[in-house]
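Here is the structure we will look at.
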There are 2 protein chains.
Amino acid sequence: MNTSVSLEDPHCPHDHSQCVSDALAAAEQVCERAGARLTALRKRVLELVWQSHRPLGAYDLLDTLAREDDRRPAPPTVYRALDFLQEHGLVHRIASLNAFIGCASPEHTHQGHFLICRNCRVAIELEQTLIHPAIAEVAQRMGFAVESETVEIAGLCAHCQEAA
Amino acid sequence: MNTSVSLEDPHCPHDHSQCVSDALAAAEQVCERAGARLTALRKRVLELVWQSHRPLGAYDLLDTLAREDDRRPAPPTVYRALDFLQEHGLVHRIASLNAFIGCASPEHTHQGHFLICRNCRVAIELEQTLIHPAIAEVAQRMGFAVESETVEIAGLCAHCQEAA
DNA sequence: TCGATGGCTGTTATCATATAACAATTCCCT
DNA sequence: AGGGAATTGTTATATGATAACAGCCATCGA
Ligand SMILES: [Zn+2]
Ligand SMILES: [Zn+2]
Ligand SMILES: [Zn+2]
Ligand SMILES: [Zn+2]
């Protein structure tokens, strides 16, 4: 399993079906270990979230589901699936966009930190950066017990800067 | 003008009316310089945002306005005021809470980074930490042009950890 | 002082996101 | 097969934010 393609640069043309199948395979494993059930619905929602490297809103997912099925599911259906996927680290929620994006490394639990391009809307998840240590240091100094970190950096990706 | 009380520890009992009047005075100055009009409504909304060190939702502010006046203003009224205040750096929006909080240092434009206690709901704005440099370094390395930073760290403040 | 101009506020309606509550179904284990 | 728990369906509603247009008011030049 190789997720490096999607992590390095989701802009560059790449075999995205590989991203999707890697993500689904990783999800199977994570759920297996956790004794959780990756049901057909949950798997489907995860697959839809992975349709691109752009965060998608719950209602976008609902629309897509409605187009595939003939019966349009109600919001709780997709929100529950998203809740499950979040709990198991398979997707991250982007608070500043009210949207969700697949996680390429769900094996180890971690906070999602993102660079989000306002132009192409691609979100790149950061891993192993100095941001987490910096947060830990500040929190330590303030006696604050961190439970979750929302780090969403908006701007223009390298690709879109060139275009402009 | 001394804002250190509110910055050091908003939990500790402190002369909060001083926080409010400092904030309003700073706001007057900022608007003066920018040639912007701090109208009665905008000032009132800013004052309401500053009623505590907790982020408040737009509809909370509307409720308070409704209680003070006899006529309940409509949502756009308060959202427009909040937009103005944000543009001039007088309040920050907390994306993870859909809420707003006053900024104690609006003189220099900056990103709001926060520690947010899930128990007492107090939000402490961080300044001059290693977080911003860490973000800048990562962005630089990725060729990403940062335009805004959302950093919201949730957990338990020192005060609430003791209580528990 | 008058009226034009642009910025601010009021008002109505609507959109967008998310959840509560309860019913029906399905899965899993015995 | 039967019981209990987890999952999904369904309806209604809560919560947060904005579009569109109308009216008002401060400011400034004529
Ligand atoms: Zn891909
Ligand atoms: Zn881009
Ligand atoms: Zn205070
Ligand atoms: Zn606290």
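In what follows, every heavy atom counts, from backbone to side chain, and hydrogens, waters and symmetry copies are set aside. Fair warning: this is a prediction, and the values are worked out from it, not measured in the lab. Naming: A, B, ... by sequence-line order, numbering from 1 per chain.
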Counting only side-chain nitrogens and oxygens, does B:Asn98 get under 4.0 Å of the OP1 or OP2 atom of D:dA17? yes
Could you check whether any side-chain heavy atom of A:Arg42 comes within less than 4.5 Å of a side-chain heavy atom of A:Val45, counting everything from C-beta outward? no
Between D:dG16 atom C1' and B:Leu56 atom CG, what is the distance in whole Å? 14 Å
Atom-pair distance (CG on B:Leu62; P on D:dT15), nearest Å: 14 Å
Check against side chain to side chain donor-acceptor pair (under 3.5 Å), B:Glu127 and B:Ser105: CA-CA 9 Å; B:Glu127 300 188 50; B:Ser105 311; 3.1 Å; yes
Sorted by number, residues from residues 70-91 of chain A placing a heavy atom under 4.0 Å from DNA chain D are A:Arg71, A:Ala74, A:Pro76, A:Thr77, A:Arg80
For A:His113, which residues count as a side-chain hydrogen bond (donor to acceptor under 3.5 Å, both in side chains) partner, sequence neighbours excluded? A:Glu149
Nearest heavy atom decides the nucleotide; on that basis, is B:Arg93 or B:Arg37 closer to the 5' end of DNA chain D? B:Arg93
Specify whether B:His14 and B:His16 have parallel, tilted or perpendicular ring planes, treating 30° as the upper limit for parallel and 60° as the lower limit for perpendicular. perpendicular
Single hit among A:Thr129, A:Ile153, A:Leu130 for side-chain contact (heavy atoms from CB on, under 4.5 Å) with B:Val138: A:Thr129
Start and end of chain A contact along DNA chain C [non-hydrogen atoms, under 4.0 Å]: C:dT17 to C:dC27
Quiz question: by atom type and distance under 3.5 Å, do the side chains of B:Glu125 and B:His92 form a donor-acceptor pair? yes
Other residues, nucleotides and ligands only: do more than 12 of their heavy atoms fall within 6.0 Å of CZ on B:Arg141? yes
Got a sec: does the CD of B:Glu68 have more than 12 other heavy atoms crowding it under 6.0 Å? yes
